[in-house]
> 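Here it is, the structure, as structure tokens.
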Amino acid sequence: MELRKFRQRGPFEWEMPSTGRMRVPGVIFASRELMEAMDEKVAEQVANVASLPGIVTASYAMPDAHWGYGFPIGGVAAFDADEGGVVSAGGVGFDISCGVRTLHTGLKQADIEAHKKRLADVLYARIPAGVGSTGALRLSGPETDAMLKGGARWAVKEGYGSEADLAHIEESGCVAGADPRAVSDMAKKRQRDEMGTLGSGNHYLEVQLVDEVFDAAAAQAYGLAKGDVVVSIHCGSRGLGHQIGTDYLREMVIAAPAAGIALPDRELACAPLKSALGQRYLGAMRAGINCALANRQILTQLAREAFAEVFPHVRLPLLYDVSHNTCKEETHRVGDERRRLFVHRKGATRAFGPGHAELPREYREAGQPVLIGGSMGTASWILAGAAGTEERAFGSACHGAGRAMSRNEALRRWHGRNVVDELAARGILIRSPSFRGVAEEAPLAYKDVGAVVDAAHRAGLAVKVARLLPLVCIKG
DNA sequence: ATGTGC
């Protein structure tokens, strides 16, 4: 993109001064190279978000930002309800609470090498993956409502995983204020048989190797060492979250004019936090968060059962679970005061720094684990929320690599079967129901996740802790 | 992301 409209605050921080309808400045965290490669539309979308009522401090974009629906993916924006602030369905995204969790296995690379192929096959047999995939569960109406209110806590109660898992999930696995009545029957119906499924697109379950450690103290706090094998799960709220997004986007577009909100882009549809519609969306969106947390919890149990088949004595304790499509009510310092704000993170991860009261005690000194999913066949990263990140972007960091080319262009360029073969030759086993999906997700269709993580580190958003390389990938 | 597309 054109860099002339930015004022550089530092080598990794670019300010777009407030002009026209913008109420606050825009700020993008990135290296010069990432800025130059970034789509012009990101700046446009950051500026559009800056024009929304009640926005506080600035409209932010992370180093992996790219063009999204209304808000950029990689966008962070906080709103104050007392100043006419809004909540936006497009500011959360369609896959509500899509996120990543990472599990320890206690295994080393040498333990796994001879069993890798069998492990891949067993995982693929047990983890439902792909468009429209269904799970073993069939939820009744009352069970659906209990799941939407209870999140991962509900899943544990149903026998998926243990109480110990909950302490290593944001909000202890269950976000308050979920309102199942605000979720349409259609959304619930779509989710009836999709609990414990991976879905499609960039979602996956991956067995990974800790290939390098960058921060010894944080790695120790997280229980990570070079040569460890871990499992990461990337997925969200499936059909339910998508339907909530669709339902409320439509309502917000219709209601905006009466609420006195002039939208620079229809896709930015939003509702005042203090309106009935805004409150209903918050209730539904929180139910969507709980659905995603329950989904990842069930998948965790399926992964544990698969591992037990190959390695009978292995346990898979949860390192941490982060969501990267949310709007959360949080307390942040703005100037000299502490204020309750509604922080939208769309394709951005919460990244609370050291000492934050909401972190589990064992991670409090190191900062929040920030789990960055790589693209298929490339590295993933574990970072730690940095000191001072709450002053910079309301305690947020990047979430992944970000696409470098469209799905269509990737389909023209690669064949799924060849991608699988090439990765297998490098020792990375892919199992997927869709060769088309594999081609769309080819490693080179994404930006270099290393450059993104480096920019986040050097911008002071999060600290590099460990790099993970893929061994086995169950791809949706 | 998505019972993949107004």
Side-chain angles (χ1 to χ4, degrees), chain A residues 45 64-75 88-100 128-135 137-139 144 183-205 233-250 253-254 266-267 269 284-285 287-289 291-293 295-296 299 322-327 344-349 373-376 399-403 405-412 416 432-441 445-446 474-476:
Chain A
Q45 293 191 318
D64 52 340
H66 54 287
W67 183 26
Y69 189 93
F71 283 49
I73 295 161
S88 166
V92 171
F94 281 81
D95 191 2
I96 295 168
S97 198
C98 181
V100 182
V131 180
S133 50
T134 55
L137 267 159
R138 295 289 174 275
L139 295 187
T144 301
V183 178
S184 67
D185 289 340
M186 175 65 87
K188 291 174 184 172
K189 186 175 151 214
R190 283 180 66 173
Q191 198 59 26
R192 270 187 73 90
D193 51 8
E194 287 192 348
M195 293 309 293
T197 66
L198 214 42
S200 65
N202 63 4
H203 291 166
Y204 58 77
L205 180 148
I233 299 171
H234 177 206
C235 67
S237 51
R238 306 286 284 107
L240 181 124
H242 189 267
Q243 191 63 44
I244 291 171
T246 305
D247 292 341
Y248 278 92
L249 195 91
R250 188 185 301 129
V253 169
I254 295 167
R266 179 185 178 280
E267 295 184 354
M285 188 265 313
I289 292 179
C291 174
L293 296 178
N295 192 29
R296 290 199 285 275
L299 284 163
V322 295
S323 297
H324 49 230
N325 281 352
T326 57
C327 175
H344 293 65
R345 296 188 184 89
K346 179 186 185 181
T349 302
S375 48
M376 190 182 58
H399 85 306
R403 288 199 80 88
M405 72 177 67
S406 71
R407 293 186 176 276
N408 275 328
E409 193 179 344
L411 284 176
R412 280 197 294 275
S432 173
S434 165
F435 278 123
R436 179 197 168 106
V438 168
E440 289 179 357
E441 296 290 320
Y446 280 81
I474 310 304
K475 189 78 190 159

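Naming convention: chains lettered A, B, ... in sequence-line order (proteins, then strands); numbering from 1 in each chain.
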> Could you list the residues that satisfy side-chain hydrogen bond (donor to acceptor under 3.5 Å, both in side chains) with A/Gln191, not counting sequence neighbours?
none
> Within this structure, what is the NE2-CG distance for the pair A/His242 and A/Asp247, rounded to the nearest 0.5 Å?
10.5 Å
> Let me know, please, whether A/Val131 or A/Arg407 comes out on the 5' side of the other along DNA chain B by nearest nucleotide.
A/Arg407
> B/dT4 P sits how many Å from A/Leu411 CG, rounded?
16 Å
> Measure CZ/A/Phe94 against P/B/dG5 and give the value in whole Å, please.
10 Å
> Roughly, in whole Å, what's the span from NE2 in A/His203 to P in B/dT4?
16 Å
> For A/Glu440 and for A/Arg403, find the nucleotide of DNA chain B with the closest heavy atom, then tell me which residue's nucleotide is more 5'.
A/Arg403
> Grab the OH-P distance between A/Tyr69 and B/dG5 for me, whole Å please.
12 Å
> Separation of A/Gln191 atom CD from B/dT2 atom P, in whole Å?
10 Å
> Can you tell me how far P of B/dT2 sits from CG of A/Asn295, to the nearest Å?
10 Å
> For A/Ser434, is there any backbone N or O sitting under 3.5 Å from a side-chain donor or acceptor partner on A/Ser432?
yes
> Expressed in angstrom and rounded to an integer, what is the separation of A/Leu198 atom CG from B/dT4 atom P?
18 Å
> NA contact type, A/Gly201, heavy-atom cut-off 4.0 Å: base, sugar-phosphate, or nothing?
sugar-phosphate
> Could you state the atom-to-atom distance from NZ of A/Lys475 to C1' of B/dT4 in whole Å?
15 Å
> Side-chain N or O of A/Thr246 versus OP1/OP2 of B/dT2: is the shortest distance under 4.0 Å?
no
> Are A/His234 and A/His324 near enough that their ring centres are under 6.0 Å apart?
yes
